[in-house]
Chemist: 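Here it is, the structure, as structure tokens.
Throughout, protein chains are lettered first and strands after them, A, B, ... in sequence-line order, and every chain is numbered starting at 1.
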Number of protein chains: 2
Amino acid sequence: MQKTKLIDFPAIKTACSRCSLQQLCLPQGLNSADMERLDQLVKRPRPLHRGEYLFCQGDRLKSLYAVRSGSFKTYSLGEDGNEKILGFHLPGELLGLAGLGHGEYRAAASALETASVCAVPFDRLQDLADHLPSLNHQLHKIMSQRISRDQEVLLLLGDKSAQERLATFLLNISSRFAERGFSAREFNLSMSRQDIANYLGLTLETISRTFSHLQKDGALEVDRRLIRIVDRECLANIAGACFTDASSATH
Amino acid sequence: MQKTKLIDFPAIKTACSRCSLQQLCLPQGLNSADMERLDQLVKRPRPLHRGEYLFCQGDRLKSLYAVRSGSFKTYSLGEDGNEKILGFHLPGELLGLAGLGHGEYRAAASALETASVCAVPFDRLQDLADHLPSLNHQLHKIMSQRISRDQEVLLLLGDKSAQERLATFLLNISSRFAERGFSAREFNLSMSRQDIANYLGLTLETISRTFSHLQKDGALEVDRRLIRIVDRECLANIAGACFTDASSATH
DNA sequence: CGGGCACTTGAATCATCTCAAGGTTTGTGG
DNA sequence: CCACAAACCTTGAGATGATTCAAGTGCCCG
């Protein structure tokens, strides 16, 4: 009874064709007829709260997910039980791609804050892609970009110092916020220091000290999880100039 | 005149349908008619010598390459000029995938030893994939597996010690050799200590010391680049058991 | 045979980690 | 609304694993 209301209401409000994330997401480059067909596959489950799982490592892969709002972390669990964070995911980004070749999710995904997703049943997406070259190419593109993004992280973890890693991380987050229409200068991190440390291959204490240091250098102002980039150039220098964001606005 | 001979001869000898790498490579899962169509796209350029480039970072992406024999490294060049190695590539593996979303290669690839490849013009591959779902799905699968393989490397670089990294690396190489019909116990590394160090985010000296240490512990016998795994279990324990290869033969 | 390159080993240094204590914010129940 | 606990963050001091610098060996190729 009530169920119908609860499902339909957000479905109408968030059709791909009206979604502000269209250009960052799966429908990018699709004409409106194709987008409509994609839209029919998409389910929009109830929002998740901080800490809830979207999927777990080893679950059978049923759907790919596009982040609609909020943010997620994906992480792999070692048998010693401790997690290693593989990535943070903002609206418009796809989750579950690594599982596609194995039929099961390769990592767990959990919400860092209240968050919602679009779920796309994978087999139906693949069927549709078989008939819509434009969708298929977009899928190729997204997967390829994911490969090159992961490789940038390899670069980061390869031989950079704590300062370089954190500075690069912040610039990366900043430009991803900017792409989504938020401020590149000032933003709230949705993840804890512990999560950042884990992701960057450092300890919580080192992250904390490095934040203090960047602040003392005048590159940042830090207030708990609120970050303001005061001197972007300084930060970029510290990052080792390996990060050149020609595009990002100072919005 | 002579050109014709030189091109045709290897082309006949190495059609996908007769290639021993079929099951590891792009044609996996294709029926013979489809494989034939793929085969018609494939060019097989002259072999490369040690140190020669297959492509450079920033080159316009024309083809994907499948390693046919020998091995390659892919690496990204920082503007400070030093390289960061992103991966080592054995026969059957695809090169160039990260560039597909950008239209240009994101890293350089050079031969570690005399090596040959199959070149697949990317736009024609994409056209063909648009009409052959089985090929398309295989492409998805390969890209997805690449994402999850890269993520395993993130795990490795995240918080492992030098010993854990090198042990994991060797077990990984070993099982990849085994998949290709070579010995899992004894093999020649095609890359230098410097390359291994770079890849694992360590220094040359640390790699050298760690080899000595693993040898002293009785896990390995090392003679220059010839590695014999003496005590696989010991090596796996050192690797942190994060590496479980249920399948690999002791061939 | 000689020169160069790849590798090994040692000793000192340094960045990050570990351990430990203290502070601040947030949420909860009285 | 306050008191308290839990979670999160900061800072310090000492330990440690990897790096750097330096010397030396052995192998390959001309």
Chemist: Looking at C:dC17, I'd like to know if its phosphate oxygens (OP1 or OP2) sit under 4.0 Å from a side-chain N or O belonging to A:T203.
Modeler: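 Yes, because at least one side-chain N or O of A:T203 sits under 4.0 Å from OP1 or OP2 of C:dC17.
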
Chemist: Out of D:dT19, C:dT16, C:dT8, which has the shortest distance to the side chain of B:R193?
Modeler: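 Taking heavy atoms from C-beta onward, the closest nucleotide is C:dT8.
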
Chemist: Can you tell which of D:dA18, D:dC28, D:dC9 lies closest to the side chain of B:R224?
Modeler: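 Per side-chain heavy atoms of B:R224, the pick is D:dC28.
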
Chemist: So what does A:I207 hit on the nucleic acid, given a heavy-atom distance under 4.0 Å: a base, only sugar-phosphate, or nothing?
Modeler: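 Touches nothing.
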
Chemist: Are A:E93 and A:R68 within salt-bridge range, i.e. N to O under 4.0 Å?
Modeler: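 Salt bridge absent between A:E93 and A:R68.
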
Chemist: Do A:Q163 and A:H213 have side-chain atoms, one donor and one acceptor, less than 3.5 Å apart?
Modeler: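 Short answer, yes.
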
Chemist: Take the protein atom CG of B:N198 and the nucleotide atom P of D:dT19, then report the distance between them rounded to whole Å.
Modeler: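 Spelled out: CG on B:N198 to P on D:dT19 is 12 Å.
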
Chemist: Do B:E205 and D:dC21 have a side chain to base donor-acceptor pair shorter than 3.5 Å?
Modeler: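 Looking at the base of D:dC21, it does pair with a donor or acceptor on the side chain of B:E205 (distance under 3.5 Å).
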
Chemist: Whole Å only: how far is the CZ atom of A:R50 from the C1' atom of D:dA6?
Modeler: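 Atom-to-atom, A:R50 to D:dA6, this comes out as 12 Å.
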
Chemist: Tell me if a side-chain donor or acceptor on A:K84 pairs with a main-chain N or O of A:Y199 at a distance below 3.5 Å.
Modeler: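 Yes; at least one donor-acceptor contact below 3.5 Å.
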
Chemist: For A:R225 and C:dT24, give me the distance from atom CZ to atom P, rounded to whole Å.
Modeler: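 So the CZ-P distance, A:R225 to C:dT24, works out to 18 Å.
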
Chemist: Between C:dT9, D:dT19, C:dT16, which nucleotide gets closest to the side-chain atoms of A:S161?
Modeler: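 Nearest nucleotide to the side chain: C:dT16.
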
Chemist: Rounded to whole Å, please give me the gap between NE2 in A:H213 and C1' in D:dT10.
Modeler: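 Roughly 15 Å, once rounded to whole Å.
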
Chemist: If you find the nucleotide of DNA chain C closest to A:G201 and the one closest to A:D223, which residue's nucleotide is nearer the 5' end?
Modeler: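 Result of the comparison: A:G201.
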
Chemist: Could you tell me the separation between the CG atom of B:D159 and the C1' atom of D:dA18, rounded to a whole number of Å?
Modeler: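 B:D159 atom CG is separated from D:dA18 atom C1' by 15 Å.
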
Chemist: Given the structure, check if the side chain of A:R209 and the base of C:dT18 hold any donor-acceptor pair shorter than 3.5 Å.
Modeler: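 Between C:dT18 and A:R209, which were checked side chain against base, a qualifying N/O pair under 3.5 Å is present.
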
Chemist: Taking OP1 and OP2 of C:dC17, is either one under 4.0 Å from a side-chain nitrogen or oxygen of A:T206?
Modeler: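 So the side-chain polar atoms of A:T206 do come within 4.0 Å of the phosphate oxygens OP1 or OP2 of C:dC17, strictly under.
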
Chemist: Tell me the interatomic distance from B:L214, atom CG, to C:dT8, atom C1', rounded to whole angstroms.
Modeler: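 Rounded to the whole Å, the gap is 15 Å.
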
Chemist: What's A:S192 touching, base or sugar-phosphate or nothing? Going by heavy atoms closer than 4.0 Å.
Modeler: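 Sugar-phosphate contact only.
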
Chemist: Under 4.0 Å between any heavy atoms, over every strand shown, what does A:R165 touch: base, sugar-phosphate, or nothing? Just pick one.
Modeler: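 Since no nucleic acid heavy atom lies under 4.0 Å of A:R165, the category is nothing.
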
Chemist: Take atom NZ of B:K160 and atom C1' of C:dT16, then tell me their distance rounded to the nearest Å.
Modeler: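 In whole Å, C:dT16 C1' and B:K160 NZ are 18 Å from each other.
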
Chemist: Look at B:S212 and C:dT9 and indicate whether a side-chain polar atom (N or O) is within less than 4.0 Å of OP1 or OP2.
Modeler: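 Checking B:S212 against C:dT9: at least one side-chain N or O falls below 4.0 Å of OP1 or OP2.
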
Chemist: Side chains of A:S71 and A:H89 only: does a donor on one sit below 3.5 Å from an acceptor on the other?
Modeler: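 Result is no, nothing qualifies.
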
Chemist: As a quick check of understanding, evaluate side-chain contact (heavy atoms from CB on, under 4.5 Å) for B:K43 and B:C118, giving each step before the final call.
Modeler: CA-CA 6 Å; B:K43 292 205 172 54; B:C118 298; over 6 Å; no

Chemist: Calculate the interatomic distance between A:M191 atom CE and D:dC8 atom P; express it in whole Å.
Modeler: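 In whole Å, D:dC8 P lies 14 Å from A:M191 CE.
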
